[in-house]
There are 2 protein chains.
Amino acid sequence: MPERGRPRSFDRNAALESAMQVFWEKGYEGASLADLTAAMGINPPSLYAAFGCKEALYLEVMELYSRTIGMEIWSSLETIATIKEALNGFLLATAKAYSQPNQPHGCLIALGGLHSGEVTKPICGAFCKHRADSIVKLRQRLQRAVAEGELPASIDAEAIATFYATVQNGMSILARDGGDYRALKHVADGAMAAFDALTGR
Amino acid sequence: MPERGRPRSFDRNAALESAMQVFWEKGYEGASLADLTAAMGINPPSLYAAFGCKEALYLEVMELYSRTIGMEIWSSLETIATIKEALNGFLLATAKAYSQPNQPHGCLIALGGLHSGEVTKPICGAFCKHRADSIVKLRQRLQRAVAEGELPASIDAEAIATFYATVQNGMSILARDGGDYRALKHVADGAMAAFDALTGR
DNA sequence: TCTTTTTTGTAATGATCGATAAATAAATCT
DNA sequence: AGATTTATTTATCGATCATTACAAAAAAGA
């Protein structure tokens, strides 16, 4: 029975996507309600009725980002069978996503919540959780490779995962500074150049 | 003849250092005038008389940062004779500086100005200049190693410099997320594991 | 001592921030 | 039709933002 009362005159998903663009480019504090409502094509009361408040909207934007853009980037890590190619595909997908011409450069998750004065506590917590999860995903993929006999059990999976997650985060800053796909690929190649030495092959 | 009128009752350098702490931790937009004046122990008119405006204060803070903390980090790159040890020293100095317990984690330069809505144009320009300069410094050090016969002329100095600068920037995000010296050193070790492959040795 | 110069503390400026009150409009339910 | 429910528009809320008048205070120059 959600069909009572005046129907909403805008597409909630489209509005959320517009909000994502604004937050992605301008950050949480940098995106004003005026910026958001202008991009979403609605007035403040509609925003508050549909999303609660600015903070709740941002948290929902983070979920949308990791469900769409994030998925594009991370999927190759799981789908590619061999660990070295999976990591390489993951980094190249990162380079491609971070240099798309029609969207803000770099990652919304990597670049957000880096200054305590610019974010609320729940948002800071969500960022910590998401970024910590990046390391976990990489570590689990490395451990899978060990379980499959592809890598020796002697590797430091946590250290290697931290390294690749950190390289990816650095790529967000490079992309924000105008680094194109070519520059980002140089970084990916550099990180892959460490693979054999790190995994003892 | 700067000795006319009522003398300033606070130490300008100490106030600037306090402002650096606030901007470093909270970012440009996240640091309010109230935060700044409270930390500096002065009233707004004194801040404006001594530093001009918030933007000018921030630009001066950036200079102070690169002159002090930045110098600590980058000096080993020049002073250590061999390129591999110089790079390693540079990354370890970074890991140490980014995990100091008595100051904000990560680099003020690396983490600032990443969102267009949170910074003015002159500040954004200063960040671009500083971060681009990081790549230049690394590239020049690599080219010096080529000139000294330590590395082959066939290396892609720009690509390698971009890789190491990006790793360093990623370390700032890791440090902000609570990564300690041990975690940061893992990243430094990972980056150094790529050195031989990247330089063809 | 008296004027001049600069800094100080207090208080207030207009602008913008995120968030809402109130009235109207558009739908369903009885 | 009339009552109920929800969304919309318009206008505005108090709080906070960076910035600044203003007058008292503290120094040097005359």
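As a whole-Å value, the separation of B/Tyr48 OH from C/dA11 P is 19 Å. For the pair A/Glu118 CD and D/dC17 P, the interatomic distance rounds to 13 Å; values are reported in whole Å. As a whole-Å value, the separation of B/Arg4 CZ from C/dT6 P is 7 Å. To the nearest angstrom, P of D/dT20 lies 16 Å from CZ of B/Phe51. For the pair B/Leu47 CG and C/dG9 C1', the interatomic distance rounds to 15 Å; values are reported in whole Å. Here C/dG18 presents its P atom at 12 Å from CD1 of A/Ile123, a figure rounded to the nearest Å. Summarising the geometry, the separation between CG on A/Leu33 and C1' on C/dT16 is reported as 11 Å, rounded to the nearest angstrom. Distance CZ (A/Phe10) to P (D/dT8): 5 Å, rounded to an integer number of Å.
Within a 6.0 Å sphere centred on NZ of B/Lys137, heavy atoms belonging to other residues, nucleotides or ligands number more than 12.
Note on A/Pro7: only backbone sugar-phosphate atoms sit closer than 4.0 angstrom, heavy atoms only; bases stay farther off.
An OP1 or OP2 oxygen of C/dT8 is reached within less than 4.0 angstrom by no side-chain nitrogen or oxygen of B/Asn43.
Toward the 5' end of DNA chain C, the nearer of the two residues A/Tyr28 and A/Pro45, judged by each one's closest nucleotide, is A/Tyr28. Place B/Lys54 and A/Ile42 on DNA chain D by their nearest nucleotides, and A/Ile42 ends up nearer the 5' end. Taking for each of B/Pro44 and B/Ser9 the nucleotide of DNA chain C with the nearest heavy atom, the 5'-most of the two is the partner of B/Ser9. Comparing B/Gly5 and B/Ala34 along DNA chain D, the residue whose closest nucleotide (by nearest heavy atom) sits nearer the 5' end is B/Ala34.
Residue side chain B/Arg6 reaches the base of C/dT7 through a donor-acceptor N/O pair under 3.5 Å, judged by distance alone.
A pairwise comparison of heavy atoms in A/Pro152 and A/Val146 identifies O-CG2, 3.7 Å as the closest pair. Between B/Leu184 and B/Gly179 the shortest heavy-atom distance is CD1-O, 4.1 Å.
Side chain of B/Cys53, nearest nucleotide from C/dT7, C/dC17, D/dT19: D/dT19. Counting only heavy atoms from C-beta on, B/Ser46 has its side chain closest to C/dG9 among C/dG9, C/dT20, C/dG18.
For the residue pair A/Asp35/A/Ser32, the side-chain donor-acceptor check at 3.5 Å is satisfied.
The aromatic rings of B/Phe23 and B/Tyr28 lie parallel to each other, their planes meeting at an angle below 30°, with 60° marking the opposite boundary.
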